[in-house]
Amino acid sequence: MGLFGRGRRTFGEGDHREVVALLQREFAEHGIETVPDDGALRAADGRTYGTAGIAHLASLNPRRRWGRLVAAHVAQLLVAEATPEARSLDEVRDTLYLRVVHVETLAGGDPGIESAARPLVGDLVVLPAIDHPEHVSLVDSAETVGLLGGWDAVREVGLANLRRLRPDQTTTIESQGATIHLSGGGFMNASRALVMDDLLREDFGVERPRGGVLVVLPNRQVVALHVLGGPELPQAVQALLGIASEESDQPGGVSEHVYLVRDGVWEQVTHHEPDGSTSVRVEGELERAMRDLGLLDD
């Protein structure tokens, strides 16, 4: 059921073509000529570069920033290409993490059978990531994950390393009648939501809340959350959507949606409606949590 609505920015096909053109020009500056090819850019030597991820990031930013975003994106891609791939788990045991990214970050916006991506919730997927001295590279090949010992081994190490991370700063605010906790840090800080119990305990001294938490991951550095426990759900979601809107124009955009995380289960709480608004549906795990807390009548 919809509780309230919120407008969203539009990003059309013309905008996407403009971003692709910027990408082509930037690659050409580095001596790489490319042509569009089924949701990607293809170079003469066969290399392909997905366009959906950077287009998604551009959609969250003012047009005046697109040139800088594209330049930084291409530079990071080329640095990652020049870095040799890890061939064993021992090589990256201290620098391997799991990272939450939007599915459009992947080439073509589709995990595919050969991808290392694992679905998390909605349009969010989880990928292994290696923190190099000058950049972070996503391990998006199932073959590479196999070389690292398989998904289960990678997942265990990646989560353990996330648990070792600490934020650069935390704060708690009252916004629109709801208590909101904010955690800011480095490239992997938003992905610490995958170890939510540890994040809550280390950052805010909160021990595994009965109703779970509402959370937004607007970009790779920021986690904002509200501990579900009282009748202020509409105010909390509205506040979190506001933070997501303000923070999503930073590099490494993840999602503008609000999610419920409860006992390790993720559920998308906000949804884009056909009229362009954003609504909340009290169903599934959110409905069960609210009933357990006595916030809904039987």
Side-chain angles (χ1 to χ4, degrees), residues 3-4 6 60 97-102 120-122 124 159 161-270 278 280 282 285-296:
L3 296 180
F4 48 82
R6 181 182 179 89
L60 303 177
Y97 299 85
L98 294 189
R99 186 170 171 187
V100 179
V101 299
H102 195 280
L120 178 62
V121 60
L124 299 186
L159 291 178
N161 285 338
L162 284 176
R163 291 188 180 96
R164 294 192 294 106
L165 296 179
R166 295 295 180 268
D168 293 336
Q169 58 183 358
T170 61
T171 188
T172 298
I173 62 174
E174 294 296 322
S175 178
Q176 304 189 41
T179 300
I180 305 296
H181 300 294
L182 294 106
S183 172
F187 268 67
M188 306 296 178
N189 196 62
S191 298
R192 294 175 61 229
L194 293 172
V195 288
M196 181 61 77
D197 288 347
D198 297 83
L199 184 152
L200 288 170
R201 182 175 58 254
E202 296 294 341
D203 293 14
F204 306 111
V206 174
E207 291 289 346
R208 200 166 194 177
R210 177 185 172 201
V213 296
L214 300 174
V215 60
V216 290
L217 310 175
N219 63 65
R220 65 196 178 202
Q221 296 178 308
V222 172
V223 180
L225 59 90
H226 168 77
V227 177
L228 191 60
E232 66 281 355
L233 172 71
Q235 295 89 340
V237 174
Q238 191 76 358
L240 290 170
L241 285 173
I243 292 169
S245 177
E246 293 172 3
E247 295 289 339
S248 61
D249 65 350
Q250 301 300 312
V254 180
S255 175
E256 294 178 301
H257 280 296
V258 178
Y259 303 92
L260 172 69
V261 183
R262 188 188 190 205
D263 295 330
V265 176
W266 286 66
E267 180 175 87
Q268 186 170 314
V269 169
T270 56
T278 300
V280 174
V282 179
E285 190 63 32
L286 178 59
E287 181 178 2
R288 285 189 288 273
M290 294 181 70
R291 290 193 184 281
D292 289 347
L293 293 169
L295 302 178
L296 288 178

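Residue numbers count from 1 along this sequence. Quantities reported herein were computed from a predicted structural model and do not represent experimental measurements.
In this structure, CD on Gln169 lies 9.5 Å from CG on Asn189, to the nearest 0.5 angstrom. For the atom pair Tyr259 OH and Thr270 OG1, the distance stands at 7.0 Å (nearest 0.5 Å). Separation of atoms CG (Leu240) and CD (Glu256) is listed at 13.0 Å; rounding is to 0.5 Å.
With contacts defined as side-chain heavy-atom distances shorter than 4.5 Å, the pair Leu217/His257 does not qualify. Residues Leu98 and Leu162 form a side-chain contact, since some pair of their non-hydrogen atoms from C-beta on lies under 4.5 Å apart. Counting only heavy atoms from C-beta outward, the side chains of Met290 and Leu293 never approach each other to under 4.5 Å. The shortest side-chain heavy-atom distance between Leu182 and Ile243 falls under the 4.5 Å cut-off. A 4.5 Å side-chain heavy-atom check between His181 and Val227 finds at least one atom pair inside the cut-off. Contact check for Val215 versus Met196: side-chain heavy atoms found under the 4.5 Å cut-off. Between Val223 and Arg192, every side-chain heavy-atom pair lies at or beyond the 4.5 Å cut-off. Counting only heavy atoms from C-beta outward, the side chains of Glu174 and Thr179 approach each other to under 4.5 Å.
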(Q) Applying side chain to side chain contact (heavy atoms under 4.5 Å, CB included) to Arg288 and Arg291, what does each step give before you reach the verdict? (A) CA-CA 5 Å; Arg288 285 189 288 273; Arg291 290 193 184 281; 5.8 Å; no

Q: In sequence, state the C-alpha distance, the side-chain angles, and the governing distance for Arg99 and Arg220, and then conclude on side chain to side chain contact (heavy atoms under 4.5 Å, CB included).
A: CA-CA 9 Å; Arg99 186 170 171 187; Arg220 65 196 178 202; 3.5 Å; yes

Q | Intermediate values then yes/no, side chain to side chain contact (heavy atoms under 4.5 Å, CB included), Leu120 and Leu194 | A | CA-CA 9 Å; Leu120 178 62; Leu194 293 172; 4.0 Å; yes

(Q) Please determine whether side chain to side chain contact (heavy atoms under 4.5 Å, CB included) holds for the pair Val282 and Leu296, giving the CA-CA distance in whole Å, both sets of side-chain angles, and the decisive distance to 0.1 Å. (A) CA-CA 10 Å; Val282 179; Leu296 288 178; 3.8 Å; yes

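No option in Leu199, Val258, Leu214, Val206 other than Leu199 meets the side chain to side chain contact (heavy atoms under 4.5 Å, CB included) test with Leu225. Checking each of Val261, Asp292, Val213, Leu260 against Leu228 for a side chain to side chain contact (heavy atoms under 4.5 Å, CB included) leaves exactly one that passes, namely Leu260.
Listed for the Glu267 side chain is a donor-acceptor partner under 3.5 Å among the backbone atoms of Leu286. In this structure, Arg262 contributes its side chain and Arg210 its backbone to a donor-acceptor pair below 3.5 Å. Asn219 places a side-chain N or O within donor-acceptor distance of the main-chain N or O of Glu247, the cut-off being under 3.5 Å.
In terms of heavy atoms, Gly186 sits closest to Asp168 at N-OD2, 3.9 Å. Here the shortest heavy-atom pairing between Ser191 and Val100 reads OG-N, 2.9 Å. Here the closest heavy-atom approach between residue Ala193 and residue Trp266 is recorded as O-CZ2, 3.5 Å. Smallest separation of non-hydrogen atoms from Pro209 and Leu200: CD-CD1, 3.6 Å.
When only modelled atom types and interatomic distance are considered, Thr170 and Asp203 share no side-chain donor-acceptor pair under 3.5 Å. Between the side chains of His102 and Ser255, not a single donor N or O lies within less than 3.5 Å of an accepting N or O.
Remark: Glu232 pairs with Ala178, His226, Gln235 by the side-chain contact (heavy atoms from CB on, under 4.5 Å) rule, at least two apart or across chains.
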